[in-house]
Asks: 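Below are the structure tokens for one structure; questions will follow.
Here the structure is a predicted model, which is why all the values come from computation and not from measurement. Chain identifiers are assigned alphabetically (A, B, ...) following the order of the sequence lines, protein sequences preceding nucleic acid strands; residue numbering begins at 1 within each chain.
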Amino acid sequence: MNRCFARSIAGFNVNKVCKLSCISFCTLIESSKIDDPIEVIKPPKDDDPIVVAESPEIPIWVKISENEDDFVLPSLSYWIDNYKRNEAKGYDETTISNKSDIDAKKITKVLRERFESLDSVVQALNDSRVTPSESLVAQMLKRFDNNWKSAYGVFIWAESHMGAKFSPAMYDVLIDCLGKSKKFDLMWEVVKQMVDIGENYVTINTMAKVIRRLGKAGMHEDSIDAFRRIEEFGVKRDLLTLNVVIDSLAKEKNVERANDIYLEFKDEIPPNSHTFNSLMHGWSKARQLGKVQTTMDEMREHGICPDVISYTTLIEAYCCEKDFRKVDLLLEEMQEKGCPPNIITYTIVMHALGKSKEIDKALKVYDKMKARGCVLDTSFYSSLIYILSKAGRLKDAREVFDEMPERGIKRDTQTYNTMITSVCKHTQEEEALKLLREMETKGVNPDFDTYAPLLKMCCKLKRMKVLSFLLTHMSDNNVSVGLGTYSLLVRGLCMNGKLKHACSFLEDAVMKGFIPYDTMFKMVETELEKEGMSEEKKRIQELKLIQPNTC
DNA sequence: GTAGGGTTAG
């Protein structure tokens with residue numbers, strides 16, 4: 001009785017009847033792309049047989065809709081072609097019942113619930129009767145890396161079933177995840193656990209993650225402190241770790257402290273080019289051109305010759321000042337000194353020219369490189385696509401994108417992201433979704449930056465159905481749906497008159513244990529006020545008072 | 001994780 005019959009799911013032929021368990025059916029429904037031409041005759045309930053039949057007319061989706069508004073009737077028929085193709089490939093029950101896939105989906109389903117505490121996550125996972133594996137955990141940590149409670153829950157649950165400790169690398173992933181969510185007490189607890197497991201469990205990688213995550217959270221003194229005490233964790237305090245802390249501080253807008261640390265330790269730990277390059281980069285980002293130059297001088301005084309990275313950093317600093325005359329001089333100097341510019345140097349120069357509306361000069365850099373037979377890479381092309389699109393030349397940008405394979409350059413995530421962003425900026429919805437689909441067929445993995453412009457565009461166009469499709473798509477592709485996503489959605493929906501949806505996303509974020517930015521609340525409240533929706537406003541204000549559970 | 005992707009609107 002636990003089996004049910006389904007017909008014509010997701011483009012399967014009507015004549016082809018497949019047997020699916022309830023769970024398979026639900027996972028299929030959950031993972032199915034938008035606008036499948038199906039009609040669920042009977043809503044799925046546990047242990048209930050399900051009958052699905054093809055809708056005779058337009059595709060209708062009747063499943064799980066509590067709110068009609070969420071499921072706008074489809075217009076994106078081209079997704080359906082995809083299914084036709086899948087059908088041709090013989091996509092059937094065997095494909096969808098792949099065990100590890102099913103496990104991943106089961107776990108994901110469990111983790112999408114809202115949990116009060118870490119213990120309740122672990123409990124729910126215990127009840128799921130899934131047997132954990134190392135690869136399943138790795139996948140889930142990635143999928144939920146913006147959601148510490150789920151990630152840590154999976155980790156604890158799995159380790160308790162595996163009968164052995166995870167590898168140091170897996171622990172490092174957990175450390176990074178907790179640091180990303182600013183759960184520093186928990187992060188340190190895990191570091192201590194690692195120390196207790198045995199020697200060499202904590203490595204320079206672990207401590208680099210700790211230092212960088214503290215730095216990113218603006219806790220610069222804590223990150224410096226972690227470096228000072230690093231030997232307590234069995235990691236040497238050497239040039240490698242010194243460079244990590246200097247680089248982290250320089251990147252996190254605290255190059256002054258980075259410089260302090262360099263001065264404090266330079267006698268004990270003699271710096272190398274890496275140290276100076278990080279400092280130069282920090283000064284450049286702080287828009288302190290003079291300091292970039294003096295750091296380079298100091299480098300020479302230490303008997304270290306500036307390398308291509310030092311020069312490139314200096315050039316980037318002049319690019320920020322739009323001093324392109326000086327940039328040209330430096331490019332010449334590099335040639336003379338036998339340290340010629342490389343592809344990265346040229347990409348920076350071209351990009352800066354393009355951003356400064358000097359598109360013709362930027363294209364001259366491109367021509368020069370082509371003429372010289374330079375090997376151009378994907379990042380270079382992404383820059384080119386970006387500046388062309390920014391200059392309003394979307395057609396040219398697309399042409400460059402299309403030409404890449406002919407020139408033997410593989411289009412990667414970054415290339416697709418740039419193209420998708422460009423197309424979305426011009427609100428070409430179909431094109432944008434086609435590109436996402438193309439990524440799928442070409443096996444290029446999407447990341448957060450792939451979805452962000454698409455989600456924004458959907459907010460603008462009020463495409464709620466596509467939006468919900470994209471969110472599922474994200475998670476299915478192991479791109480974690482975190483605070484960044486919620487923030488984008490709340491803002492986007494608020495600004496485009498989808499207030500109720502903005503509220504429910506805000507609520508969802510709180511329930512998932514995220515602490516929304518103040519601006520998210522403010523924006524929603526102001527809009528609700530404007531619309532005179534006092535009931536909802538009260539609800540949101542109450543939401544603010546909910547203190548997230550820390551364990 | 002020593003240098004290259006652009007983000008919040010009006």
Side-chain angles (χ1 to χ4, degrees), chain A residues 172 176 179 204-213 215-216 223 239-252 255 258 271-285 292 295-296 299 304 306-320 330 334 339 341-355 365 376-387 389-390 411-422 424-425 447-450 452-453 455-456 459-460 484-485 487-492 494-496 517 519-520 522-523:
Chain A
D172 288 351
D176 197 48
I204 180 166
N205 285 334
T206 321
M207 292 313 288
K209 295 217 181 319
V210 167
I211 289 168
R212 288 196 190 275
R213 284 300 172 194
K216 273 212 169 113
S223 113
L239 186 57
L240 275 174
T241 43
L242 175 71
N243 284 341
V244 169
V245 72
I246 286 179
D247 186 67
S248 164
L249 290 165
K251 278 209 178 91
E252 303 311 327
V255 61
N272 61 6
S273 60
H274 184 141
T275 323
F276 288 108
N277 288 339
S278 289
L279 288 170
M280 284 178 68
H281 188 232
W283 290 122
S284 165
K285 286 280 169 282
V292 184
T295 306
M296 189 144 141
M299 191 172 178
I304 301 168
D307 57 17
V308 62
I309 297 178
S310 329
Y311 271 109
T312 301
T313 306
L314 186 59
I315 284 180
E316 191 175 24
Y318 279 105
C319 280
C320 285
L330 280 167
M334 288 177 82
C339 170
N342 62 19
I343 179 85
I344 298 177
T345 325
Y346 285 121
T347 308
I348 289 170
V349 174
M350 180 183 71
H351 196 84
L353 284 166
K355 275 206 306 195
V365 176
L376 306 178
D377 63 11
T378 39
S379 281
F380 181 88
Y381 274 107
S382 289
S383 258
L384 186 56
I385 291 166
Y386 174 77
I387 60 170
S389 149
K390 197 177 158 67
R411 292 184 295 209
D412 63 4
T413 304
Q414 186 195 347
T415 329
Y416 274 98
N417 290 359
T418 312
M419 199 65 237
I420 288 176
T421 308
S422 304
C424 286
K425 282 216 171 113
D447 62 13
F448 178 77
D449 296 331
T450 314
L455 293 170
K456 265 186 234 167
C459 291
K460 209 166 131 191
T485 313
S487 165
L488 182 156
L489 292 172
V490 170
R491 189 175 42 235
C494 234
M495 294 320 235
N496 292 289
Y517 308 122
T519 50
M520 289 164 72
K522 254 186 218 145
M523 185 174 287

Asks: Establish, with yes or no, whether the OP1 or OP2 oxygen of B:dT8 is under 4.0 angstrom from a side-chain nitrogen or oxygen of A:Lys456.
Replies: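 Looking at the OP1 and OP2 atoms of B:dT8, one of them is under 4.0 Å from a side-chain N or O of A:Lys456.
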
Asks: For the atom pair NE2 (A:His274) and CG (A:Leu239), what is the distance rounded to the nearest 0.5 Å?
Replies: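 It is 8.0 Å, given to the nearest 0.5 Å.
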
Asks: Within a strict 4.5 Å, meaning less than it, do heavy atoms of the A:Ile211 and A:Thr241 side chains meet?
Replies: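 Counting from C-beta outward, A:Ile211 and A:Thr241 never come under 4.5 Å.
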
Asks: Taking side chain as C-beta onward, heavy atoms only, is A:Pro453 less than 4.5 Å from A:Lys425?
Replies: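 A side-chain contact under 4.5 Å is absent here.
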
Asks: Give A:Asn243 one of three labels, base, sugar-phosphate or nothing, depending on what nucleic acid heavy atoms sit under 4.0 Å from its own.
Replies: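 No contact.
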
Asks: B:dG5 P sits how many Å from A:Glu316 CD, rounded?
Replies: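 In whole Å, B:dG5 P lies 7 Å from A:Glu316 CD.
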
Asks: What contact category does A:Asp247 fall into here, base, sugar-phosphate, or nothing, at under 4.0 angstrom with non-hydrogen atoms?
Replies: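 Answer is sugar-phosphate: A:Asp247 comes under 4.0 Å of backbone atoms only.
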
Asks: If the glycosidic angle is within 90 degrees of 0 it's syn, otherwise anti, so just tell me which one B:dG4 is.
Replies: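 The base of B:dG4 is oriented anti (glycosidic angle more than 90° from 0).
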
Asks: Measure CE/A:Met299 against C1'/B:dA3 and give the value in whole Å, please.
Replies: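 To the nearest whole Å, that distance equals 12 Å.
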
Asks: If I take atom NZ in residue A:Lys251 and atom C1' in nucleotide B:dG4, what distance separates them, rounded to the nearest angstrom?
Replies: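 So the NZ-C1' distance, A:Lys251 to B:dG4, works out to 12 Å.
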
Asks: Would you say A:Asp247's side chain and A:Asn243's backbone share a donor-acceptor pair under 3.5 angstrom?
Replies: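 A pair under 3.5 Å: no.
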
Asks: Describe the nucleic acid contact of A:Lys390 in one word from base, sugar-phosphate, nothing, applying a heavy-atom distance below 4.0 Å.
Replies: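 Since no nucleic acid heavy atom lies under 4.0 Å of A:Lys390, the category is nothing.
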
Asks: Select base, sugar-phosphate, or nothing to describe what A:Gln414 touches, counting heavy atoms under 4.0 Å on all strands.
Replies: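 Base contact.
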
Asks: Of the candidate nucleotides B:dT2, B:dG1, B:dA3, which contains the atom at the shortest distance from the side chain of A:Arg213?
Replies: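 Selected nucleotide: B:dG1.
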
Asks: Strictly below 4.0 Å: does A:Lys425 bring a side-chain N or O up to OP1 or OP2 of B:dA9?
Replies: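 The answer is no; no side-chain N or O of A:Lys425 sits under 4.0 Å from OP1 or OP2.
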
Asks: In whole angstroms, how far is the C1' atom of B:dT7 from the CZ atom of A:Phe448?
Replies: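 Taking CZ of A:Phe448 and C1' of B:dT7, I get 10 Å after rounding.
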
Asks: Just compare B:dT7, B:dT2, B:dG5 and give me whichever is closest to any side-chain atom of A:Thr421.
Replies: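 The answer is B:dT7.
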
Asks: Atom CG of A:Leu384 and atom C1' of B:dG4: how far apart are they, to the nearest Å?
Replies: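 One finds 13 Å between C1' of B:dG4 and CG of A:Leu384, rounded.
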
Asks: Students often get this wrong, so: under 4.0 angstrom with heavy atoms, is A:Ile343 touching a base, only sugar-phosphate, or nothing?
Replies: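 Touches a base.
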
Asks: Specify the separation, in whole Å, of atom CZ of A:Phe276 and atom C1' of B:dA3.
Replies: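 Roughly 17 Å, once rounded to whole Å.
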
Asks: Across the strands shown, which category fits A:His274 at heavy-atom distances under 4.0 angstrom: base, sugar-phosphate, nothing?
Replies: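 Counting heavy atoms under 4.0 Å across all strands, the contact made by A:His274 includes a base.
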
Asks: So, do A:Lys216 and A:Glu252 sit near enough that their side-chain heavy atoms are less than 4.5 Å apart?
Replies: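 Yes, side chains in contact.
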
Asks: Write down the distance between OH (A:Tyr318) and P (B:dG4), rounded to a whole number of angstrom.
Replies: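 From A:Tyr318 OH to B:dG4 P: 18 Å.
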
Asks: Taking the side chain of A:Lys285 as heavy atoms from C-beta outward, which of B:dG1, B:dT2, B:dG4 is closest to it?
Replies: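 Of B:dG1, B:dT2, B:dG4, B:dG4 is nearest to the side chain of A:Lys285.
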
Asks: What interatomic distance, in whole Å, is found between C1' of B:dG1 and the corresponding atom of B:dG5?
Replies: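 Result for the C1' pair: 16 Å, nearest Å.
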
Asks: Which nucleotide wins on minimum distance to the side chain of A:Arg491, given the candidates B:dT8, B:dG4, B:dG1?
Replies: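 Shortest atom-to-atom distance from the side chain points to B:dT8.
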
Asks: Of the nucleotides B:dA3, B:dG4, B:dT2, which has the atom closest to the A:Ser379 side chain?
Replies: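 Given the options B:dA3, B:dG4, B:dT2, the side chain of A:Ser379 is closest to B:dG4.
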
Asks: Side chain of A:Lys216 only, heavy atoms from C-beta on: which candidate in B:dG5, B:dG1, B:dA3 is closest?
Replies: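 So the side chain of A:Lys216 is nearest to B:dG1.
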
Asks: Would you mind classifying the nucleic acid contact of A:Asp377 as base, sugar-phosphate or nothing, using non-hydrogen atoms under 4.0 angstrom?
Replies: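 Touches a base.
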
Asks: According to a strict under-4.0 Å criterion, is A:His351 in side-chain N/O contact with OP1 or OP2 of B:dA3?
Replies: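 So the side-chain polar atoms of A:His351 never come under 4.0 Å of the phosphate oxygens OP1 or OP2 of B:dA3.
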
Asks: When we call it a touch if two heavy atoms are under 4.0 Å apart, what does A:Ile348 touch: a base, just sugar-phosphate, or nothing?
Replies: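 The answer is sugar-phosphate, as A:Ile348 gets under 4.0 Å only of primed atoms, P, OP1 or OP2.
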
Asks: Using atom types as modelled, flag every donor-acceptor pair under 3.5 Å from a side chain in residues 346-353 of chain A to any protein atom, sequence neighbours excluded.
Replies:
unit_1: A:Tyr346; atom_1: OH; unit_2: A:Arg372; atom_2: NH1; d: 3.2
unit_1: A:Thr347; atom_1: OG1; unit_2: A:Ile343; atom_2: O; d: 2.6
unit_1: A:His351; atom_1: ND1; unit_2: A:Ser383; atom_2: OG; d: 2.8

Asks: Starting at atom CG of A:Asp172, determine the distance to atom P of B:dG1, rounded to an integer number of angstrom.
Replies: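 Between P of B:dG1 and CG of A:Asp172: 13 Å.
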
Asks: Less than 4.5 Å apart, any side-chain heavy atom of A:Cys459 and any of A:Met495?
Replies: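 Side chain of A:Cys459 against side chain of A:Met495, heavy atoms only: no contact under 4.5 Å found.
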
Asks: Which part of the nucleic acid, if any, lies within contact of A:Tyr346, taking any heavy atom under 4.0 Å across all strands shown: a base, the sugar-phosphate backbone alone, or nothing?
Replies: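 No contact.
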
